[in-house]
Structure formats: C-alpha cells, structure tokens
Amino acid sequence: MIIDAHMHVDDIPALGWKMGADLVVSRLDQAGIDVGWVMTIVDAPEVNSNAIEWLAEAMAEFPGRLEGFARIHPWYGDLSLELLDRAFALGYKGLKFHAVTTIAHPSGEDSLRLIRRAAEHNAPTLFHCGDEPLTTPLTVAFAAAAVPQATIILGHMGAYLHTDEAIEVAERHENIILETSGMPYPHKIAEAVRRIGAERVMFASDGPGCSPKIDLEKIRVAGLSPADELLVMGLNARKLIDGVVK
Amino acid sequence: MSAGSSIDSHVYVGESLYGGGVDADELIARIEAAGVHRAIAVPARPPGYHLGPANDVAAAAQCAYPDQLRCFARVDPNQGDAAVAELERALDTLGLGGLFLHPNEELFRINGPLVRPLMAVARERGIPVIVATGWLAVSEGPQVADLARQFPEVPIVMTNGGQINLSGLGQVDAEIALDTCPNLTVQTAGTYREDFIEGCVRRFGAERVLYASSCPVMEPRLEVKRVQWAPNLSDAEKQLMLGANAERILWR
C-alpha cells in the first residue's frame with residue numbers, strides 16, 4: 001500500500017488554488033497511490049468557519065481513498081479544542097499546523113494543548129517544517145520536547161535549507177517523524193533512513209499542486225532497499241493512523 | 001525530443017567548498033543518466049574561495065566536452081574592478097559564454113551598485129546572465145526584476161523558479177517579475193509545485209521556462225521529470241523547455 005501523507009483539498013480564490021477532492025484522487029490514481037492524507041489550506045475557524053465539516057463531506061465522496069488531518073488555528077481558545085474534537089468525531093486522523101499562516105509558535109501553550117489533545121486520541125500532529133521563522137526544525141522540536149507522548153511529523157523535512165537540521169532533530173527526539181514532500185534532495189531521504197531508521201521517514205507529496213507522481217519518484221531515486229521503501233511509501237503511515245481513536 | 005537536443009540549463013562543475021562537487025566526467029555522466037546530452041555549467045564555489053581558478057576549471061571542462069558543455073564565468077561583484085577584469089579574462093581568454101552570479105554564496109545584493117559594472121559588460125558583449133534566485137535579502141524575485149529593469153537588453157535567467165520557499169510565498173513575486181520584465185526567464189530546478197511551472201507556461205509562454213537540474217545540488221533523474229511528466233504541457237512546449245530555449249538564450 002502506498003500512502004501520500006500530505007495533500008490538500010481546498011478552494012482559495014485569492015491564491016488561484018482550486019484543489020477539489022476529485023483532483024486529489026485523480027492525482028493519486030495517476031501515481032498509483034492508494035490513499036492520501038488531506039487537509040485544508042485554511043486554518044479553521046479562520047476564512048472558513050465550516051472547514052472541518054466541509055473537508056469531511058469532500059472526503060466522504062471517495063471512501064477509503066482520503067484520510068483527514070484537521071488544520072486548526074490554535075488561537076481560538078476552547079473553540080480550537082472543540083474543532084479538533086469535532087474532527088476526530090468525524091473520523092479525522094490527525095492535527096495539522098502551518099505557522100506561516102497562523103504565526104502561532106509551535107511550543108506556545110495554545111499549540112501545545114491541541115497537540116496534547118491529538119495525542120490523547122493517539123493521533124499525530126503534522127507541522128509544516130520549512131525555512132520560514134516559526135517553522136524550522138529546531139523550532140518545531142520545542143513542541144516535540146514539550147509533548148513527548150505526541151508523534152510530531154516534520155512536513156517537508158526542513159524544505160530547501162533546513163534538511164540537515166531536520167535529520168539532526170529527529171536524531172534527538174524519537175517522537176519526530178520526517179515527511180518528504182517538496183524537499184528536492186533524494187539523497188537526503190536515503191541519509192535520513194540511514195541515520196534515524198526507515199520506520200521514521202514517510203513519503204508525501206504536498207499535492208495536488210505538487211505532483212505525487214514526481215514526489216514518489218523521488219523516493220525511488222533515493223535508492224532505498226525494497227523493505228525500507230515499503231515502510232517509507234506507506235507502511236509507516238498506515239501504522240501511524242491505525243491506532244487513532246475517535 | 002532526442003537526447004542530443006536536450007539541454008540542462010544550469011549545473012555546477014568543479015570541486016565545491018560545500019562538498020559534493022563533481023568534475024566534468026562525473027557531471028556528464030549524471031546529466032546523461034537523466035537522458036540529457038548537453039548542459040550549461042557554472043563553476044561551483046571552490047574550497048580555495050578564489051573564483052579565477054574555478055573559471056579555469058570550467059574552461060577546461062568546456063574544452064574536454066566541446067559538444068556537450070558551455071560554461072559561464074563566475075565572479076564576485078564585491079571585488080569591484082578585479083571582478084570586471086576576471087569576467088573579461090573569462091570571456092576573452094577562456095572562451096566562456098556568459099556570466100553567473102550567486103548573491104547568496106558571494107554575499108551581495110543582486111540589484112545593488114556592485115553588480116552594475118558587470119552587467120554593463122554583459123550588455124556590451126551581448127552575453128546572458130544566470131542569477132541564483134530566491135535567496136532571502138539578496139536575490140528575491142523583486143530584486144532580480146529590479147536588476148532586469150536596469151538592464152533590459154541583457155537576458156537574465158532566474159534559477160529555482162525564481163523562489164526558494166515551500167509555502168509558495170515567493171510565487172507571486174516571481175510571476176510579477178516575469179510579467180513585467182520580458183528579458184527574464186525562469187528555470188525549473190527544485191521548484192515548489194509543478195502547477196507553478198505549468199502556470200508560468202500558460203501565462204508567459206513556454207519560451208520563458210527552461211529545464212534545469214542544478215546538478216549536483218539536485219538530482220537530474222528527478223528534476224527532468226518536472227517537465228517530462230507535466231500532464232498539461234504539450235510536446236512542443238516541453239521541447240522548448242527541455243532544450244530549444246537554452247539553445248536560443250544560453251548556448252554560446
């Protein structure tokens with residue numbers, strides 16, 4: 001089974017980004033991928049106060065193909081927690097933070113209490129982890145250290161300029177998993193597998209704007225062993241959300 | 001398109017201060033592994049810091065592979081008159097075909113006064129310029145566009161889709177740069193979102209987008225797929241991107 005652990009379903013006219021669930025599934029099909037983890041671009045309740053339900057309805061059109069991650073703005077107090085609980089009740093499998101849009105520090109108390117709540121559901125928290133302030137590996141690692149019972153996924157594994165740092169923080173924090181989307185260096189995937197183990201590296205594409213087919217090719221070009229490739233391409237992701245409780 | 005007509009429009013040759021550098025033989029092997037036959041090569045920043053010897057290495061690579069490599073001169077604008085002299089030596093004595101500027105590795109602002117004497121040489125000689133683009137504070141899209149407006153006669157190629165950001169924060173600025181500066185083109189290496197590349201082709205024409213791998217920093221076997229596998233580009237558009245544009249703009 002191949003799982004794409006980071007994709008988006010949303011409609012953002014201001015950005016010209018129209019990414020319906022049907023487009024996501026067609027991109028999965030083109031790449032031979034079984035399942036995609038999807039999240040919105042907006043951080044509920046901002047921009048679209050109904051985003052959690054909206055995405056759930058979009059996913060329902062493609063049973064078995066899409067799993068939801070709730071992208072939530074942590075600054076809305078109890079409403080943020082209620083949105084996360086609502087998401088898990090609807091069958092979501094994890095929490096997503098993108099500090100470029102929320103400007104919420106990963107280790108701020110508002111963020112940490114949502115991460116703790118996700119961990120109570122045995123669900124991971126996926127961070128955008130790139131080159132911008134508030135998103136770099138060391139910054140996200142503060143959250144990993146503060147909530148050691150949580151599984152923290154570094155989406156993009158540090159992007160263009162923080163890839164080495166992402167591998168280093170994953171070595172320091174066993175609750176960190178690296179996710180490969182967008183990051184353009186296949187050899188860094190091989191290095192990550194060598195240094196932290198294939199069980200803690202996950203394939204993703206950040207599709208549908210990014211090509212799942214090309215990001216999957218990145219895993220193949222990395223030259224992993226067949227057993228490690230199976231883990232990275234889907235087994236790790238499957239295991240990670242199999243134990244999520246509503 | 002045949003392998004002989006394809007061109008990787010930006011690769012690095014020579015030992016690198018940052019590790020991972022490749023000589024001409026290894027470079028040719030890597031681009032050919034991606035099914036590409038020719039490349040525009042620029043010197044890597046050498047361990048010895050001095051770019052003159054690195055330009056010599058590039059010239060030797062071009063001599064060793066005259067049918068497969070065209071090499072550009074790399075100079076440091078911070079060196080002032082010495083940089084101009086080195087550019088002229090590289091063009092006149094070494095036979096290099098263009099200018100490469102890396103504002104992040106040499107530490108200068110691409111639209112600042114240090115660059116203008118070099119751009120004046122480029123304008124006078126009619127050579128193209130490749131700019132390592134997307135680097136914070138030194139070669140952001142609007143800064144490269146500002147340079148392009150100062151020297152509208154000089155063809156300027158932006159690396160990395162004109163942006164280095166995995167949130168897409170640099171995309172609109174890169175698009176504005178292309179929209180407002182007809183002398184600007186953009187490369188595909190490592191670009192965030194394949195639909196950005198396709199969008200550039202739709203808005204500005206396939207003539208403005210060039211395949212590049214930035215090898216060995218990035219991997220040609222993967223990078224070439226960004227163009228080859230683009231689902232919404234025609235064969236004719238891909239042919240331009242994979243070689244014809246570089247042939248027209250950069251192959252001197």
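Labels below follow one simple rule: chain letters A, B, ... track the order of the sequence lines, proteins then strands, and each chain is numbered from 1.
Contacts between residues 19-33 of chain B and chain A, defined by a heavy-atom separation under 4.5 Å, are made by no residue at all. Inspection of non-hydrogen atoms places A/Arg27 of residues 20-37 of chain A under 4.5 Å from chain B. The stretch residues 219-229 of chain A places A/Val221 near chain B, each with some heavy atom under 4.5 Å from a heavy atom of that chain.
Of the charged side-chain nitrogens involved, none lies within less than 4.0 Å of a carboxylate oxygen, so that B/Glu15 and B/Arg45 do not count as a salt-bridged pair. Remark: B/Glu219 does not engage A/Lys218 in a salt bridge, criterion side-chain N to carboxylate O under 4.0 Å. Of the charged side-chain nitrogens involved, none lies within less than 4.0 Å of a carboxylate oxygen, so that A/Lys213 and A/Glu217 do not count as a salt-bridged pair. Under the 4.0 Å criterion applied to side-chain N and carboxylate O atoms, A/Lys188 and A/Asp164 are assigned as salt-bridge partners.
At least one side-chain heavy atom of A/Thr180 sits under 4.5 Å from a side-chain heavy atom of A/Met157. No side-chain heavy atom of A/Leu95 sits under 4.5 Å from any side-chain heavy atom of A/Phe69.
B/Ile197 does not touch chain A: none of its heavy atoms, backbone or side chain, sits under 4.5 Å away. Proximity to chain A is limited to the side chain of B/Gln171, based on heavy atoms less than 4.5 angstrom apart. At a 4.5 Å heavy-atom cutoff, B/Asn160 makes no contact with chain A through either its backbone or its side chain.
For residues 198-242 of chain B, no pair satisfies ring pair (Phe, Tyr, Trp, His ring centres under 6.0 Å), with sequence neighbours left out.
A donor-acceptor contact closer than 3.5 angstrom is absent between the side chains of A/Glu165 and A/Thr163. A donor-acceptor contact closer than 3.5 angstrom links the side chains of B/Ser214 and B/His10. In this structure, a donor-acceptor pair under 3.5 Å is present between the side chains of B/Thr180 and B/Arg149. For the residue pair B/Gln187/B/Ser9, the side-chain donor-acceptor check at 3.5 Å is satisfied. B/Gln163 and B/Asp173 form no side-chain donor-acceptor contact under 3.5 Å, judged by distance and modelled atom types alone. For the 3.5 Å distance criterion, the side chains of A/Thr136 and A/Thr139 qualify, holding a donor opposite an acceptor.
Taking chain B as the reference chain and counting heavy-atom pairs below 4.5 Å, the highest number among A/Ser211, A/Gly155, A/Gly130, A/Ser205 is found for A/Ser211. Residue with the most contacts toward chain B among A/Val100, A/Thr135, A/Leu15: A/Val100 (heavy-atom pairs, distance under 4.5 Å). Most heavy-atom pairs under 4.5 Å with chain B: of the set A/Cys210, A/Pro184, A/Gly209, this distinction falls to A/Gly209.
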_Evaluate B/Asp8 against B/Ser213 for side chain to side chain donor-acceptor pair (under 3.5 Å), listing each step before the verdict._
CA-CA 6 Å; B/Asp8 186 332; B/Ser213 75; 2.5 Å; yes
*Check step by step if side chain to side chain donor-acceptor pair (under 3.5 Å) holds for A/Glu132 and B/Ser167.*
CA-CA 9 Å; A/Glu132 309 91 345; B/Ser167 296; 2.6 Å; yes
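Of the candidates A/His128, A/His73, A/His6, A/His8, A/His128 is the only one forming a ring pair (Phe, Tyr, Trp, His ring centres under 6.0 Å) with A/His98.
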